[in-house]
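Here is the structure we will look at.
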Amino acid sequence: MGEKQGRALVVGAGISGIRSALDLAETGCDVTLIDAAPHMGGVLSKLEYQFPSDGCGMCRLLPMADRDTCLQACLRKGLVHGGIDLMLSTTLKGLEGEAGKYRAILETEPSIIDPKLCTGCNRCSEVCPVTIPDPFNQGLSTTKAVHLPVPHAIPNIYTIDMDHCTLCGECETVCPFGAIYLPGEDRLELKIPRTLVEMDVGAVVLACGIDYYDPLSGVNTFGYKALKDVVSNIELERILSGTGPFNGSLKRPSDGQVPSRMAWIQCVGSRDLEFPACSSVCCMIALKEAVLVRKRSRQTIETVIYYMDMRCFSKEFEAYRRRAENEYGVILKRARPHSVRYDRNTGGLSLYITDDSGIRVDEMFDMVVLSLGQRPGKSVKELAEITGIGLNPLGFFEDPLSGEGDKTGVFAAGSASGLKDIGESVIHSSSASAMALKVIHGARSPHDEEREPLNGFRDVSTQVPDIGVILCQCANGPDIEPQVKSMGASDVHVSGVMAMDRICTREGWDGMLETLAEKTFNRILVLACTPQLFLDKKAAISKAVNLDPAYIDFADLGKGEPLAATVKMGLARIRYADRLNSRASAMVPTVLVVGGGLGGMTAALSVADTGFEAIIVEKESRLGGNLVWLEKDITGNDFGRLLDNTCRRVEKHPGIRVFTNAVVEDSRGGPGNYTTSLKTCDNDSKIIDHGAVILATGGREAETSAYGYGTSDAVMTHREVEQALKAGTMDPVNLNVVVMIQCVDSRNDSREYCSRICCKSSLKHALEMKRLNPELDVYVLYREMMSYGFSETYFKEAREKGVIFIRYSQELQPEVLSGTDGVMVKVHEPILDRTLEIRSDLVVLATGILPSVIKPLAALFDARVDDYSFFKAADSKWRPVDAVNGGVFACGLALGPRDAKESVASARAAAMGALRLISSKSAGVSLVTAGIKPSLCTLCERCIDSCVYGARTLDSDAGKIRIDPVACQGCGSCAAVCTNSASFLNNYLDQQMFEIIDAAI
Amino acid sequence: MERFEPTIIAFVCNWCTYTAADLAGTSRQKYPPNVRLIRVMCTGMVDPKYVVKAFLSGADAVLVSGCHPGDCHYINGNYKARRRVRLLHGILGRFGIDRERLRLTWIGASDGIEFAKVIHTMVAEIKELGPAVSDMKLVI
Amino acid sequence: MEETYEIRGTNWLDSVQKLLASVFETSSVTSMLVPVRHSTTHVLMPTLVSDPGELEGADPFAPCFPLNSAKLVSKLTKKHSNEIIAAVLRPCELRALVELVKIKQATMDNLITISFDCAGAYPNREYNRTGAEGKAAEGKAKTLGFMEQRLGSKLDDDTDKQLSTSCRICTGPFPENADLCITLLDHDPGALGVFAGTDRGRELIMGKAFEVKSLPGTRADTVKEVLQRKKEAAKKVFEDLAGKTATMAGLGNYLASCVNCYNCRVACPVCFCRECVFNTDVFDYEPFQYAAWAKNKGTLRMPMDTVFFHLTRMIHMGLSCVGCGQCSNACPNDIRVAELFTAVGKGVQQGFGYEAGKSMDDPFPLSVFFEDEFQDVTGI
Amino acid sequence: MDELLQLKTMLNPCIQCGTCTASCPNEVDMDLVPRKLWRMVLMDRHEAIFDSRTFILCSSCYLCTLRCPRGLPLTAAMARLKAIAAKRDLAKYRKSTRFYKSFMESVRRHGRVREGEFMGLYFLAMKNPLLPLSFASLGIQLMKKNKVAFELPAKPGIGNLDRLFKKVAEIEEAL
């Protein structure tokens, strides 16, 4: 193998793959993004509503710095980025070599429809005689054997389901572009055969996602497929979707009626014998679906969720659950339905359940939703064999706590390594891309690379608009050339109208480029029927005519408007096209990390490992944070060693500077350019210039005075138990009975959120004590065991080892009475419906996690904290570690409760976020960026208030509003609040909009 | 008399409703040709001046359409748009341009069919209502 | 109920001058903006007085309202200054000032506001015709006569036909949030009361040697009665206006004689732009555009964009309109702009549960939003 | 107590989800629903367990075993409890345990059940002279249909299953 490679391969173009690919592309790597499916988006292309926002927001994954590198459009259409080569219907077949120097073999499925020729005209589908269940709608609606796999994908290339195709040849005949070439008896060769490509890559990210459990494969099918109104959660998502089988109206599949009572059955295919883990997301999905149903039906459809434990363990989820119950009237019942039966008399579905009182009841519904558990993706096993990455017992990619010492350049991203919601997947994917970047950065040190400067184009900014119009024409379309020509003639700014034959074909396109290259237009407007096809090709025109893409635009002839309106609107738009000549100042290639715990150190290492500088500020005298007192996690990871290794690496790393006994005092500037002063122990001030900041300020075990804590030595917290066990001052052999109480001061009105890690801590300590003293009686008093994901296996183990779990409710809390000999715990046992008195030697309280106080610190960097005083992320799903302004990131406990492994992932993700920002060269200001005319500005500051990105500041010395072109995302709300248009949005100027409106009418 | 064909100006956000309009196209959802789509980055950038300009230039109705609450690419532009449209309803409503003629809708990226439906409904209703400002040629 | 202190001078002007002089004495105010009748020109104009002796010409009660002083206060306070000043403002001027403070065009940091029961004013041309030419003494006498008549009739607007419409339909003629609020209604002739509308005002009043007397017991009822009358008057005016401007064409006719001089916006106290957008290149059309419009429509009224201008101003300023009526004062062609703006302003402000100038604590409606509000705005 | 400890270990993974109860066809007649019963086992509430008739009502349909998400052998657990009750000859369950015993005794002797002997043994074991009367009506009905064999007990030893039963007893002892 030769040189280290600067290209990364990302396998899987779902959310995780897109996140990783963008991470790597934005940091200057070349990325090949492949997906086995003929479209991108993965399972997300079928899901539209995400908890806890009940909306989408996927587009927030797009780059914020250097926005123009990426097509600014809904990600459901597709991802077009200059640095990402997308290969669909492609799989990884082989991988040889070592980290940094791999040779990958990619296989692209043979295709019957030539994607380069197909324009998505739909004629093939119209004539196709074969009707099949539509896989996009999980078979709830039908489509043709030749069909569009995902309706919103662009380019919209058709595919043929060869399992159903009868090779009748109708489509082949009707295709106006000759894009279809069916195999037949006399022509067994496919026109576009299976192709193998060998490619040198430095690192590989595996983001192949998950599959869903098939109820038909299990012992209890719950009537799935046998009863039409029993649907899976994915099917329900399709039913609720605007592109779904009923166009978005909620109907039951059997008869198209609106259901009146719907039930959700949780843990179908999870937490059972076959799959002893929790699928982590189904509880929230069910809550969200029930809320959507309640909202849609104006609360007329009754929704009941039958659950075992309602696992709302992430920061905002408990609040969501409360809203679902209290505001939307979703009914939650703790019960596991035994089976679903069809009731012949009513045509309904009856569930046999036993509620808490122990009475068995039949409940009638007319639609039942199965919350299907997740399974490893189909390709996981094969990919594991190809790449040598290990699998855990459940068949997911192994996900070690720390990647240190790993020689591999292959990293799992997202749910391929375990069950995660979108937010966690996004974090995990960025974590994977950070590790991949570390492997390849040497080959292509992104921040040293000179990007093609935009000012290499000829300067036309001062020229009078000289517009060239390209009219794309089909032979079979109406002849509109004379009309367009006459419109061109009457516009003083148009100097040429050229009709081209079908630029959607290779010949037509090349012909257009040739024609354009001969001219010297300084604005180009292309009129075409489906300009979406060319969205990724602007760069090609730009190169051919040596013109900034800012001056090239498309107008859509396919929207059904009068021709004159379309053309004139297009001309008005292009006439004002321009690029702001302000320049963003250079990014400072340094990241400030506040907090030197596990998160902070990991983030700093991730930054420094890719060649940038990291500065850690730690207020204590030593690094380590909570790791200092923790011994190990539930899986047995040794934190002492982890701490030593991490500290050693940090201290030795030439790219990391550490300030202990230091705090941040003040900061100015914005994303890309901060100047921050630190106060060190000797009261010195230190000035740091940095481009981004990561808040890794951590959190702590909450203090408590509940259950007699502080009055009796027999009442301890988990931290104290951990320390006592570590120090050997506690020996479980001397104990007879231990009671652990969960959710102390948590998940109540004063502290709403679930601290997520306490259940795991209790399981860890219960198992550890049982190991040291099998005779010990351990009782865990819990409200909801949040042993999500693989930790469910420890819950099972604890039960097997004889730990007794007793559920208590918020209303009926346990009581702890201290006496002379130990303490007495009184708790109501709901199954037996009686109060138990447990005389115990030790009571352990799970008091939850509180964040460090970061509000003032966050405010210094224009970031905010949430209702619980944790860092407020811009979006819990799509931008889970970043502040809205794009220059501030957070990780670990500062973000919200999470365990060590999750903290490490979030730290790498935060580092990746910072790297995305500081690697962007910002050669030019993005096309659509706000500006200001100071001569008109009266400093009312409304624009500052309206800017969510903090891109606007008042420079009171100069008496001017300043705009940070990196922070500005071009939303234009500042322009809309400005009464005299002193604030404006470039390429959406008032006069331009007026002309467009005039042209439209 | 010639059948009245209204002109509707639709300010659609680049992220959601524009995608829905594209989707309506690719899913062969036909909608009347009376609507002129003007793509804006966000409904939050629709200056009330644009709406007024559209009416004074002869539009019979204006549609402002963007992402569902919570979905805005720019976090909250659609909420700002909602207040602005409310203000416009309050002002234009006094002068005979009532709320049927100025609509704000949330149409998500997957709502291609919904988009076509909205246009259908709106065109049909405006046809009933008649031209918006036909009698003011001289006075503006 | 806030403690009210009574001041009894020889007449209302003497009383108010005493009060204003005492502000100089007992506070660190270095100058005071107050309408003063100038000894040479005899014209009443807002004047910055730093010598308490010059307060002799001060006449805040005259039915003379040449301009809304909020704009002047903006000039005095927008940029940082260490001077502490006081301003005597009509309630509508104070409301305008509050709006300006919200958009950072003025601050109240170093400002003491003084307002009073406003008996209204005449249109500028009317007042100039009847009063301004007189000598100082005559002017003073006219003011006192006006006061006697107005207060005597408990602000019955029907008894004074010269009163401007904006004042007739003003539903906020009583001071509320000024630091010092002067009451005139129901006091004995010549006497006035003063109470503090703010904490700062309370500090000022404390320990002053005013004669303590509680508010005239009848005041609350009188205020109610006055407001009721004005509301009814406003309703009539608005209904009449709504009839005339029920369509865009009606609005066009209403504004038909407008020549786009933009005087209304210059006079508007809350119109704060440095340069109106209608004067910028946004509306700088190209010749071919005019030609195209004319061709398209058959005719093109010039200057164009008249209705556009006024609608835009309603959009920009409707939510902040305090109903002072200066726009009508400024119109050279006697378009009754003020009624139009007051009606629209009232309407849209109600729509957002907002009252322009009422309180510094109410955010400007377009600067805030909530996730689940105004659900009725959306949908087909 | 060992048997119960064994049973407890067997049931430790129980998550009290109640699927067993929901699936049980006899649940309506049980004084302790299965879920509660298992909870009692885990909580060492031995008196309560043997105060209940739940396990004796189990008809071994195996639905609970099939549906249990933890895959617990619940039907076997019910059988264990029956065995313990039989072994201890608890008065509460004698009607049932002695019925089984008499049945098995008849089988042991002859390799098949002989109804007459079986019922005789049973009445003898129950030591209740009035008991046969309560079976009279059922007996007459069965006799009418020729469902009761009247021949006298054959010689002991024919079809003798002694060795088999001995072996089973040994196994049970070892458990």
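Chain letters run A, B, ... following the sequence lines, proteins first, then strands; residues in each count from 1. This is a predicted model, so every value here is computed, not measured.
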What part of A:Gln969 lies closer than 4.5 angstrom to a heavy atom of chain B: side chain, backbone, both or neither?
-> both

Residue from A:Val884, A:Leu148, A:Asp990 scoring the most non-hydrogen pairs under 4.5 Å with chain B is A:Asp990

Does the A:Asn156 side chain pair with the main chain of B:Thr26, one donor and one acceptor, at a distance under 3.5 Å?
-> no

Would you mind reporting whether B:Arg84 and A:Val977 have side-chain heavy atoms less than 4.5 Å apart?
-> yes

Considering only heavy atoms, which portion of B:Ile9 lies under 4.5 Å from any heavy atom of chain A: side chain, backbone, both, or neither?
-> side chain

Backbone N or O of B:Ala109 within a donor-acceptor pair of the A:Lys77 side chain at under 3.5 Å?
-> no

Beyond-backbone contact of B:Met45 with A:Val928, side-chain heavy atoms, under 4.5 angstrom = no

Check: B:His73 and A:Cys971 side chains under 4.5 Å, non-hydrogen atoms | no

Does the B:Glu114 side chain pair with the main chain of A:Gly242, one donor and one acceptor, at a distance under 3.5 Å?
-> no

Segment of B:Leu23 engaging chain A (4.5 angstrom heavy-atom cut-off) = side chain

Quick one: closest heavy-atom pair of A:Tyr988 and B:Met41, and the distance?
-> OH-SD, 3.5 Å

Measure from the side-chain N and O atoms of A:Arg76 to the backbone N and O of B:Cys16, and report whether any donor-acceptor pair falls under 3.5 Å.
-> no

Side chain, backbone, both or neither: which part of B:Lys49 has an atom under 4.5 Å from a heavy atom of chain A?
-> both

Toward chain A, the part of B:Arg83 with a non-hydrogen atom under 4.5 Å = neither

Determine the minimum heavy-atom distance between B:Thr19 and A:Cys74, stating which atoms define it.
-> OG1-CB, 3.1 Å

Sub-4.5 Å side-chain heavy-atom contact between B:Leu37 and A:Glu561 = yes

Output the option from A:Cys974, A:Ala565, A:Gly970, A:Ala975 having the highest count of non-hydrogen pairs under 4.5 Å with chain B.
-> A:Gly970

Name the region of B:Val40, side chain, backbone, both or neither, that has any atom closer than 4.5 Å to a heavy atom of chain A.
-> both

A:Leu75 versus B:Trp15: any side-chain heavy-atom pair under 4.5 Å?
-> no

Residue pair A:Met569 / B:Ile38, side-chain heavy-atom distance below 4.5 Å = yes

Kindly compute the distance separating CD1 (A:Ile996) from OH (B:Tyr50), expressed to the nearest 0.5 Å.
-> 9.0 Å

Heaviest contributor of heavy-atom pairs below 4.5 Å to chain A, chosen from B:Cys72, B:Pro69, B:Gly25, is B:Cys72

Closest approach of A:Asp998 to B:Ser57 (non-hydrogen atoms, all atoms of both residues) | OD1-OG, 3.4 Å

B:His68, part contacting chain A, at a heavy-atom distance under 4.5 Å | neither

